[in-house]
2 protein chains.
Amino acid sequence: MYSIGDIANIMGINTSAIRFYDRNGLLPFVQRDKAGRRKFKPEDLNFIEVIDCLKKSGVPVKDIAQFITLCMQGDQTLQERYDYLDDEEEKLSLKIEKMQTQLEFLQYKKWYYKTAIKEGTEDIHFLPNSRMIDPQTRNEFEEKRKVTADIHELTDL
Amino acid sequence: MYSIGDIANIMGINTSAIRFYDRNGLLPFVQRDKAGRRKFKPEDLNFIEVIDCLKKSGVPVKDIAQFITLCMQGDQTLQERYDYLDDEEEKLSLKIEKMQTQLEFLQYKKWYYKTAIKEGTEDIHFLPNSRMIDPQTRNEFEEKRKVTADIHELTDL
DNA sequence: TCTTGACTTAAACATTAGTTTAAGTCGTAT
DNA sequence: ATACGACTTAAACTAATGTTTAAGTCAAGA
């Protein structure tokens with residue numbers, strides 16, 4: 001049996017966050033002792049794992065509560081629960097893909113600043129013919145420049 | 001020259017969000033026409049791109065404003081700006097890795113429900129000897145079970 | 001000329017996700 | 001026996017990120 005403090009340690013969060021989750025329907029399965037204190041059973045950790053995963057995946061508390069509601073309804077909702085997780089998997093997958101696109105842009109911008117630092121000024125990216133001396137840097141520049149051009153093409157009106 | 005509406009279309013957000021960003025220091029570079037309307041220059045799209053990227057990477061508006069402040073200070077902050085983006089790249093990288101861990105857990109849980117649906121009940125995952133008939137399913141089960149065991153080992157007190 | 005649509009502001013409102021506070025209840029160690 | 005730490009609640013509070021509202025300005029087309 002785990003206390004609310006134990007669960008807070010396991011999840012790496014504050015006990016008041018757990019009480020907040022409880023208020024919002026994420027923990028309908030927790031039992032209480034005579035004094036009214038929450039007592040988590042070892043099996044409850046299966047729920048805690050799922051809640052933790054969905055939270056970390058960016059799923060709103062309200063949505064997680066709906067999934068937990070399905071869980072409490074027994075075997076008749078197994079397919080619904082599968083479908084729900086399938087949806088969340090898809091969403092998370094897309095989110096990761098988008099994050100990777102942002103990562104690539106950050107890497108491009110790092111190159112942008114690296115070359116600017118080398119030349120001592122950001123102007124080289126606006127006046128390509130005036131200051132780019134090193135031919136290797138110049139080639140890198142032209143190649144990367146296409147990336148920005150593509151982005152502009154996508155986002156311009 | 002782009003109006004606030006143009007920029008809203010480019011970023012796929014509401015014009016009031018852009019005004020909010022402006023109030024919070026993300027757009028110190030925008031000029032106004034005689035009537036006081038925001039006029040974005042084509043070069044301003046470089047800022048818009050970065051802001052968009054950082055927003056999508058989950059960077060708080062306050063932090064982005066600090067970066068933009070550095071941008072407005074000219075070439076003397078090039079190194080600082082590089083270091084800032086380097087930090088954000090690292091953070092985003094870690095975030096993506098964690099997301100991938102959550103994705104794997106979701107995939108495991110999908111398997112968990114898939115097998116439960118096949119047997120008609122979730123009980124198979126708690127009473128492994130009672131209902132698991134198909135030996136192939138049984139083997140999959142045992143293998144995946146180790147995953148949960150590992151997770152418990154990590155999170156248990 | 002007059003209307004329409006796009007813009008402007010300040011200020012109020014909404015939502016999400018908690019955190020903090022105040023007042024109180026237990027079980028246990030000294 | 002009493003003090004301490006961990007728990008309980010309801011309610012107020014905070015922070016981030018916008019959205020909505022109300023009142024007004026302006027340029028362009030019918």
Side-chain angles (χ1 to χ4, degrees), chain A residues 1-41 44 48 50-69 88 91-92 95 98 102 157, chain B residues 1-41 44 48 50-69 88 91-92 95 98 102 157:
Chain A
M1 288 291 197
Y2 304 94
S3 70
I4 194 172
D6 296 336
I7 301 297
N9 283 336
I10 288 170
M11 295 182 78
I13 59 176
N14 200 300
T15 56
S16 52
I18 295 178
R19 293 196 192 94
F20 170 78
Y21 296 157
D22 197 1
R23 274 202 301 288
N24 287 276
L26 264 58
L27 309 174
F29 51 84
V30 288
Q31 301 298 310
R32 306 292 187 115
D33 66 11
K34 292 147 256 166
R37 284 177 230 135
R38 289 171 187 81
K39 287 293 151 187
F40 294 76
K41 296 187 290 293
D44 293 347
I48 297 301
V50 173
I51 291 168
D52 198 32
C53 171
L54 293 174
K55 285 245 80 231
K56 285 175 177 163
S57 302
V59 179
V61 170
K62 232 180 252 179
D63 295 7
I64 302 176
Q66 266 201 280
F67 176 75
I68 298 292
T69 299
E88 290 301 346
K91 284 188 212 165
L92 185 56
K95 199 183 279 188
K98 282 176 192 164
Q102 306 318 316
L157 286 182
Chain B
M1 288 293 196
Y2 304 93
S3 71
I4 194 173
D6 296 336
I7 300 297
N9 284 335
I10 287 169
M11 295 183 75
I13 59 175
N14 199 301
T15 55
S16 52
I18 294 177
R19 295 198 191 93
F20 169 78
Y21 296 156
D22 198 1
R23 273 202 301 289
N24 287 276
L26 264 58
L27 310 173
F29 51 84
V30 288
Q31 302 297 309
R32 306 289 187 117
D33 66 11
K34 292 148 256 164
R37 284 178 230 133
R38 289 171 187 82
K39 287 291 150 188
F40 294 76
K41 297 188 290 294
D44 294 346
I48 298 300
V50 173
I51 290 168
D52 198 32
C53 171
L54 293 175
K55 285 246 81 226
K56 285 174 177 165
S57 303
V59 179
V61 169
K62 232 180 251 178
D63 295 7
I64 302 176
Q66 267 203 278
F67 176 75
I68 297 293
T69 300
E88 290 301 345
K91 284 188 210 166
L92 185 55
K95 199 183 279 191
K98 282 178 193 164
Q102 307 317 317
L157 285 181

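So you know, we letter chains A, B, ... as the sequences are listed, proteins then strands, and number each from 1.
- Judged purely by atom type and a 3.5 angstrom limit, A/K95 uses its side chain to pair as donor or acceptor with the backbone of A/S57.
- Within residues 59-69 of chain A, the residues that have a heavy atom under 4.0 Å from DNA chain C are, in order of number, A/P60, A/V61, A/K62.
- For A/P60, the side chain to side chain contact (heavy atoms under 4.5 Å, CB included) test picks out A/D63, with sequence neighbours left out.
- Here A/I13 contributes atom CD1 and A/K55 contributes atom NZ; the two are 8.0 Å apart, rounded to the nearest 0.5 Å.
- Counting only distance, with no hydrogens or angles, the side chain of A/D22 and the backbone of A/R19 share no donor-acceptor pair below 3.5 Å.
- As judged by a 4.0 angstrom heavy-atom cut-off over every strand, A/K39 is placed among residues making no nucleic acid contact.
- For C/dC7, the OP1/OP2 oxygens have a side-chain nitrogen or oxygen of B/S3 closer than 4.0 Å.
- Here B/S3 pairs with B/D6, B/K39 under the side chain to side chain contact (heavy atoms under 4.5 Å, CB included) rule; sequence neighbours left out.
- Residues B/L27 and B/I51 are in side-chain contact: their nearest non-hydrogen atoms beyond the backbone lie under 4.5 Å apart.
- Across the protein-nucleic acid pair, A/R37 atom CZ and C/dC26 atom P stand 8 Å apart, rounded to whole Å.
- Mapping B/A17 and A/G36 onto DNA chain D via the closest heavy atom, the residue that lands nearer the 5' end is A/G36.
- The distance between atom CG of B/N14 and atom P of C/dA14, rounded to the nearest whole Å, is 17 Å.
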Task: DNA chain D base-pair string [pairs: Watson-Crick or G-U under 3.5 Å; |: paired with another strand] - done: ||||||||||||||||||||||||||||||
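- The distance from atom OG1 of B/T69 to atom CD of B/Q66, rounded to the nearest 0.5 Å, is 7.0 Å.
- The distance from atom CG of A/N24 to atom P of C/dT15 is 14 Å, rounded to the nearest whole Å.
- B/R19 comes within contact range of at least one nucleobase, with a heavy-atom separation under 4.0 Å.
- Atom-to-atom, CG of B/D33 to P of C/dC7 comes out at 11 Å; the value is rounded to the nearest Å.
- Closest approach of B/G5 and B/T15 over heavy atoms only: CA-CG2, 4.0 Å.
- Side-chain N or O atoms of A/N24 include one that pairs as donor or acceptor with a backbone N or O of A/F20 at under 3.5 Å.
- Residue B/K41 places its NZ atom among more than 12 non-hydrogen atoms of other residues, nucleotides or ligands, all under 6.0 Å distant.
- A/L54 has its CG atom 12 Å from the P atom of C/dA17, to the nearest Å.
- Both A/K34 and A/F20 lie close to DNA chain C; mapped to their nearest nucleotides by heavy-atom distance, the more 5′-ward contact belongs to A/F20.
- Put simply, CZ on B/R23 is 13 Å from P on C/dA12, counting in whole angstrom units.
- Residue A/D22 contributes atom CG, which lies 14 Å from atom C1' of C/dG18 at whole-angstrom precision.
- In this structure, the side chain to side chain contact (heavy atoms under 4.5 Å, CB included) partners of B/K91, at least two apart in sequence or on a different chain, are B/E88.
- You can see that DNA chain D meets the heavy atoms of chain A within a 4.0 Å-exclusive cut from D/dC7 to D/dT9, reading 5' to 3'.
- The CG atom of A/L26 sits 10 Å away from the P atom of C/dA17 (whole-angstrom rounding).
- Looking at heavy atoms from C-beta onward, A/F67 lies in side-chain contact with A/V50 at the 4.5 angstrom threshold.
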